[in-house]
Q: 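Right, I'll just put the structure down here and ask away after.
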Amino acid sequence: MSKLYIVPTPIGNLKDITFRAVEVLKEVDLILAEDTRTSGKLLKHFEITTHMQSHHMHNEHKTVEHIMQKLKTGTTVALISDAGTPAISDPGFLLSRACIENNIEVDCLPGATAFVPALVNSGLPNDKFVFEGFLPVKKGRQTRLLFLAEETRTMIFYESPHKLTKTLGHFCEYFGEDRPVSVSRELTKLYEETIRGTVKEVLTHYTSKPPKGEIVIVVGGKP
């Protein structure tokens with residue numbers, strides 16, 4: 001029967017993949033990968049020989065219809081991203097929505113995603129939180145920051161290393177220098193680290209020590 005599996009992949013440590021994820025990737029007819037070169041290394045490591053097809057943010061609008069045709073004929077498909085859970089700041093939403101609209105079953109496996117460990121180890125309240133992903137780069141950024149300045153729940157952001165200090169600077173400006181923040185870098189990898197403090201303290205740290213790797217920022221809500 002037709003089915004779309006949404007399969008999380010490790011965000012760093014390959015041991016974080018689940019037994020079920022490996023089993024599904026071996027059994028489906030087709031794997032949709034954000035970058036077939038990156039995913040090819042993962043599949044090779046786990047001896048998965050299933051055929052792959054490219055599906056990423058630059059082509060997903062064009063490929064969804066073609067993939068839907070395959071699903072309607074009984075093909076089973078697994079969607080993976082380069083790291084973490086598809087559709088969380090990665091492609092996946094358009095395809096899952098199309099499947100639901102066409103009564104094709106969607107099965108999302110549990111697994112790795114970067115913001116959960118970053119939130120849990122931040123030391124900030126995690127009973128209620130809001131996931132913001134990447135802030136707008138230019139248009140709409142100020143409007144969004146002004147809105148979030150009044151947010152009382154813990155906030156989670158993704159950011160690239162070369163934009164981290166700029167973003168922390170904006171947090172100082174819009175949220176206040178004393179707002180608590182936790183920055184997790186390279187989660188599950190060899191040089192994993194988490195720096196906690198006020199926004200000003202963490203900005204000072206990364207100004208003197210430019211960061212590398214994938215970054216999750218967790219910010220305390222407005223008191």
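This structure is a prediction, so every number in the text was calculated from the model and none was measured.
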Q: Locate the shortest heavy-atom distance separating Val106 from Ser96; write the atom from each residue and the value.
A: CG2-O, 4.0 Å
Q: Is there a donor-acceptor contact under 3.5 Å linking the side chains of Asp29 and Thr75?
A: no
Q: Compare all side-chain heavy atoms of Leu148 with those of Leu135 and state whether any distance is below 4.5 angstrom.
A: yes
Q: Taking only residues two or more places apart in sequence, or in another chain, which ones meet His56 in a ring-ring contact (aromatic ring centres under 6.0 Å, His included)?
A: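 With neighbours one apart ignored, the set is His58.
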Q: Kindly say whether the aromatic ring centers of Phe131 and Tyr158 come within a distance under 6.0 Å.
A: yes
Q: Test side-chain contact (heavy atoms from CB on, under 4.5 Å) on Thr50 and Leu43; report intermediate values, then the result.
A: CA-CA 8 Å; Thr50 308; Leu43 300 192; 5.7 Å; no
Q: Show me the pairs that pass ring pair (Phe, Tyr, Trp, His ring centres under 6.0 Å) and involve residues 200-223, at least two apart or across chains.
A: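 The answer is none; no pair qualifies.
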Q: Measure centre to centre between the rings of Phe157 and Phe171, then say whether the value is under 6.0 Å.
A: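 They qualify: ring centres under 6.0 Å apart.
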Q: Report the C-alpha distance between Phe147 and Tyr174 in whole Å, list the side-chain angles of each, state the deciding distance to 0.1 Å, and finish with yes or no for ring pair (Phe, Tyr, Trp, His ring centres under 6.0 Å).
A: CA-CA 9 Å; Phe147 175 81; Tyr174 290 93; over 10 Å; no
Q: If you take all heavy atoms of Val202 and Gly197, which pair is closest and at what distance?
A: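 The pair with the smallest heavy-atom distance is CG2-N, 3.8 Å.
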Q: A side-chain contact here means heavy atoms from C-beta on lying under 4.5 Å apart; do Ser2 and Lys72 qualify?
A: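 Result no, sub-4.5 Å side-chain heavy-atom pair not found.
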Q: For Phe129 and Phe115, take the angle between the two ring planes, folded into 0 to 90°, and tell me which bin it lands in: parallel under 30, tilted 30 to 60, perpendicular over 60.
A: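 The arrangement is tilted - the two ring planes meet at 30° to 60°.
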Q: Is there a side-chain contact (heavy atoms from CB on, under 4.5 Å) between Val216 and Ile156 once you walk through the steps?
A: CA-CA 7 Å; Val216 185; Ile156 306 166; 3.8 Å; yes
Q: Could you tell me if the side chain of Leu4 sits less than 4.5 Å from the side chain of Asp107, heavy atoms only?
A: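 Of all side-chain heavy-atom pairs linking Leu4 with Asp107, none is under 4.5 Å.
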Q: Examine the side chains of Arg141 and Thr167 and answer whether a donor and an acceptor come within less than 3.5 Å of each other.
A: yes
Q: For Ser182 and Ile195, what are the C-alpha separation, side-chain angles and deciding distance, and is it a side-chain contact (heavy atoms from CB on, under 4.5 Å)?
A: CA-CA 6 Å; Ser182 173; Ile195 302 298; over 6 Å; no
Q: Can you confirm whether Leu119 sits close enough to Thr154 that some side-chain heavy atom of one is under 4.5 Å from a side-chain heavy atom of the other?
A: yes
Q: Using distance alone, with no hydrogens and no angle criterion, decide if Thr36 and Ser54 have a side-chain donor and acceptor under 3.5 Å apart.
A: no
Q: Show the nearest heavy-atom pair for residues Pro211 and Leu164, with the distance to one decimal.
A: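 So the minimum-distance heavy-atom pair works out to CG-CD2, 3.7 Å.
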Q: Please test Arg144 against Glu132 for side-chain contact (heavy atoms from CB on, under 4.5 Å), starting from the C-alpha separation and ending with a verdict.
A: CA-CA 10 Å; Arg144 193 65 193 163; Glu132 285 291 315; 2.9 Å; yes
